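Since the structure comes first, as structure tokens, the remarks are kept for the end.
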Amino acid sequence: MTTVTATQVAILAAPETTASTLYGMFDLFGSAGRDWELLMHGRTGTPLLQPLIVSRDGRGFRTRNGAWIEPDASLADCKAPTAVCIPDLLVVPGAVLEGHYDPELAWLLDCHGRGALLAAACTGSLLLAESGLLAGQDATTHWAYCDALSRQHPEVCVHAHRALVVSGEGGRLIMAGGGTTWIDLALFLVARLVGVDEAMHLARIFLIDWHHEGQQPYAALTAARQVEDALIGEAQVWVALHYDTHSPVAGMVRRSGLTERSFKRRFKAATGMTPMDYVHTLRLEEAKQILESGDEPIEAVAEQVGYADPSFFRRLFGRRVGLTPRAYRRRFRGLRLTLQ
């Protein structure tokens with residue numbers, strides 16, 4: 001009889017880790033090869049993956065959310081996993097991580113050097129960036145952290161709209177966006193390590209719906225957060241109330257007292273966006289709220305947020321959000337009504 005050896009997948013745990021992602025990954029990986037046989041044939045199958053929770057010293061600890069984590073091993077005890085998963089880290093966007101995770105970073109580099117796949121969920125990609133492995137590579141993270149990641153690591157090409165990114169030599173650096181996109185990441189790893197059929201089995205067992213649209217539809221106006229330039233900050237406050245007027249950029253320029261060229265240069269330096277892009281973003285965020293909460297015609301929504309041409313509004317919305325206005329309403333209005 002042939003003995004099947006389970007592939008080891010280490011899941012890195014830290015006090016900033018959220019238990020839902022950590023143990024969600026643990027359960028999904030543990031189900032591979034085991035539970036489909038149980039459901040279909042009434043007998044437990046052979047586990048194909050061995051999930052292992054690994055922490056700096058291997059001792060139990062309580063997370064910031066209050067959950068108790070009991071690791072299986074320390075970093076020193078887990079030398080050569082086939083894959084390493086980094087769950088999300090509950091940290092402030094833009095927080096300085098340098099010096100806080102040195103043992104974990106050294107371990108990740110060692111594992112990668114030994115040929116391991118490194119997969120980061122949500123803000124776990126911040127550790128990959130700190131390690132230097134993402135230099136010159138494509139990456140993604142939770143939409144609220146994309147701007148901060150780009151500022152702190154300009155050598156990384158951040159794709160804010162993508163729910164899953166595979167990069168690095170041999171595709172051994174894998175990242176998922178925010179929230180429950182860790183499930184996409186876990187399924188992708190199962191497909192890589194075990195096979196597509198088993199990944200499909202898990203999708204059916206856990207009733208998983210792949211995040212086809214990416215994460216951009218969930219994003220809020222995080223780029224508005226800037227406090228360094230008071231003059232531009234005042235312009236942002238004004239345009240937040242007047243974005244639906246005719247020529248809001250010209251209005252900001254007049255109020256600033258600067259020349260148009262100087263204002264646009266200063267605005268871009270402070271926010272990372274041109275004034276017009278910023279206005280578009282404000283308008284589209286308001287359009288999202290209207291689409292979620294009401295049933296006005298798309299033409300009326302366009303006019304309400306400042307677009308006289310509904311066709312332009314539809315094209316811009318689709319390009320920026322990744323869904324048409326109608327598809328966005330279908331997807332999110334039902335969710336809002338359910339949660340109210």
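Just so it is clear, the values below take in all heavy atoms, side chains as well, and ignore hydrogens, waters and symmetry mates. Remember, predicted model here, so these are calculated numbers, not experimental data.
- Surrounding CD of Gln137 are more than 12 heavy atoms belonging to other residues, nucleotides or ligands, all under 6.0 Å away.
- Put simply, the side chain of Ser131 gets close to the backbone of Leu128: a donor and an acceptor are under 3.5 Å apart.
- Separation of atoms CH2 (Trp182) and CE (Met25) is listed at 7.0 Å; rounding is to 0.5 Å.
- The hydrophobic clustering, which links ILVMFWY residues whose side-chain heavy atoms are closer than 4.5 Å, places Leu282 and Met276 together.
- Between the side chains of Tyr101 and Glu16, at least one donor N or O lies within less than 3.5 Å of an accepting N or O.
- Smallest separation of non-hydrogen atoms from Pro47 and Ala6: O-CB, 3.8 Å.
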- Item | Residues Phe313, Ile298; criterion side-chain contact (heavy atoms from CB on, under 4.5 Å); working and verdict | CA-CA 9 Å; Phe313 168 70; Ile298 302 302; 3.9 Å; yes
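- Listed by first and then second residue, the side-chain hydrogen bond (donor to acceptor under 3.5 Å, both in side chains) pairs that reach into residues 186-195 come to none, sequence neighbours excluded.
- A donor atom on one side chain and an acceptor atom on the other are not found under 3.5 Å apart for Asp184 and Thr181.
- Screening residues 105-122 for side-chain hydrogen bond (donor to acceptor under 3.5 Å, both in side chains) gives Asp110-Arg114 as the qualifying pairs, with residues at least two apart or on separate chains.
- Put simply, the side chain of Thr140 gets close to the backbone of Arg162: a donor and an acceptor are under 3.5 Å apart.
- A donor-acceptor pair is defined here as one N or O able to donate and one able to accept, closer than 3.5 Å; such a pair exists between the side chain of Asp309 and the backbone of Ser311.
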- Can you check side-chain contact (heavy atoms from CB on, under 4.5 Å) on Met175 and Asp138, steps first, answer last? CA-CA 9 Å; Met175 288 145 282; Asp138 294 325; over 6 Å; no
Side-chain polar contacts of residues 75-94 - donor-acceptor pairs under 3.5 angstrom, sequence neighbours left out - could you list them?
unit_1	atom_1	unit_2	atom_2	d
Asp77	OD2	Ser74	OG	3.0
Asp88	OD1	Thr18	OG1	2.7
Asp88	OD1	Thr21	OG1	3.4
Asp88	OD2	Thr18	OG1	2.8

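- Partners of Glu130 by side chain to side chain donor-acceptor pair (under 3.5 Å), not counting sequence neighbours, listed by chain and number: His153.
- Distance check, rounded to the nearest 0.5 Å: CG of Leu97 to OG1 of Thr123 gives 9.0 Å.
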- Message: Checking Asp277 against Arg320 for the salt bridge (charged side-chain N to carboxylate O under 4.0 Å, His left out) test, could you report, in this order, the C-alpha distance in whole Å, the side-chain angles of both residues, the deciding distance, and whether it holds?
- Response: CA-CA 10 Å; Asp277 279 342; Arg320 292 287 191 90; 3.0 Å; yes
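- Looking only at side-chain heavy atoms (C-beta outward), Glu299 and Arg314 come within less than 4.5 Å of each other.
- The structure places CG of Leu189 at 11.5 Å from OG1 of Thr7, a figure rounded to the nearest 0.5 Å.
- Annotation: side chain of Arg34 is not in contact with side chain of Thr46 (no heavy-atom distance under 4.5 Å).
- Contacts of Asp72 classified as side chain to side chain donor-acceptor pair (under 3.5 Å), with partners at least two apart in sequence or in another chain: none.
- With sequence neighbours excluded, the residues forming a ring pair (Phe, Tyr, Trp, His ring centres under 6.0 Å) with Trp36 are His201, listed by chain and number.
- Taking the six-membered ring where tryptophan is involved, the planes of Phe317 and Tyr328 are perpendicular, since the angle between them exceeds 60° and thus also 30°.
- Both Leu187 and Leu39 are part of a single hydrophobic cluster, where members link through side-chain heavy atoms under 4.5 Å apart.
- The existence of a salt bridge linking Arg329 and Glu292 is excluded, since no basic side-chain nitrogen approaches an acidic carboxylate oxygen closer than 4.0 Å.
- Counting only heavy atoms from C-beta outward, the side chains of Thr271 and Ile232 approach each other to under 4.5 Å.
- Among residues at least two apart or in separate chains, salt bridge (Lys or Arg N to Asp or Glu O under 4.0 Å) pairs with a member in residues 40-55 are Glu37-Arg43.
- Annotation: side chain of Tyr23 is not in contact with side chain of Ile11 (no heavy-atom distance under 4.5 Å).
- In plain terms, the two heavy atoms of Pro71 and Ser55 that are nearest each other are CG-OG, 3.3 Å.
- Between atom CG of residue Leu126 and atom OG1 of residue Thr141 there is a gap of 5.0 Å, rounded to the nearest 0.5 Å.
- Cys122 places none of its side-chain heavy atoms less than 4.5 Å from the side chain of Tyr145.
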- Item | Test side-chain contact (heavy atoms from CB on, under 4.5 Å) applied to Arg266 and Leu231, step by step | CA-CA 9 Å; Arg266 194 158 154 180; Leu231 185 146; 3.5 Å; yes
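- A heavy-atom distance below 4.5 Å is found between the side chains of Val166 and Phe188.
- Listed by first and then second residue, the side-chain hydrogen bond (donor to acceptor under 3.5 Å, both in side chains) pairs that reach into residues 240-253 are Trp238-His242, sequence neighbours excluded.
- Applying the ring pair (Phe, Tyr, Trp, His ring centres under 6.0 Å) test to every pair with at least one member in residues 44-84, sequence neighbours left out, gives no pairs at all.
- Between atom CG of residue Asp229 and atom CD of residue Glu234 there is a gap of 9.5 Å, rounded to the nearest 0.5 Å.
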- Query: Hey, mind stepping through Val156 and Ser150 against side-chain contact (heavy atoms from CB on, under 4.5 Å) and telling me if it holds?
  - Reply: CA-CA 7 Å; Val156 179; Ser150 294; over 6 Å; no
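- No donor-acceptor pair closer than 3.5 Å links the side chain of Asp35 to the backbone N or O of Leu38.
- Rounding to the nearest 0.5 angstrom, the gap separating the CG atom in Leu48 from the OG atom in Ser31 is 10.0 Å.
- Taken together through direct or relayed side-chain contacts under 4.5 Å among Ile, Leu, Val, Met, Phe, Trp and Tyr, Leu173 and Leu109 form part of one hydrophobic cluster.
- Side-chain contact check for Leu118 versus Arg172: every heavy-atom pair is 4.5 Å or farther apart.
- Every residue meeting the salt bridge (Lys or Arg N to Asp or Glu O under 4.0 Å) condition with Glu260, not counting sequence neighbours, appears here in chain and number order: Lys264.
- The one candidate from Glu286, Gln289, Lys288, Glu285 that meets the side-chain contact (heavy atoms from CB on, under 4.5 Å) condition with Val305 is Glu286.
- At a threshold of 4.5 Å between non-hydrogen side-chain atoms, the residues Leu12 and Glu104 count as touching.
- Under the ring pair (Phe, Tyr, Trp, His ring centres under 6.0 Å) criterion, Phe29 pairs with no residue at all, not counting sequence neighbours.
- Residues Phe312 and Leu284 share a hydrophobic cluster, clusters being chains of Ile/Leu/Val/Met/Phe/Trp/Tyr side chains in contact below 4.5 Å.
- The two residues Ala121 and Leu185 have their closest heavy-atom pair at N-CD2, 3.7 Å.
- Remark: Ser262 engages Thr259 in a side chain to side chain donor-acceptor pair (under 3.5 Å) (not counting sequence neighbours).
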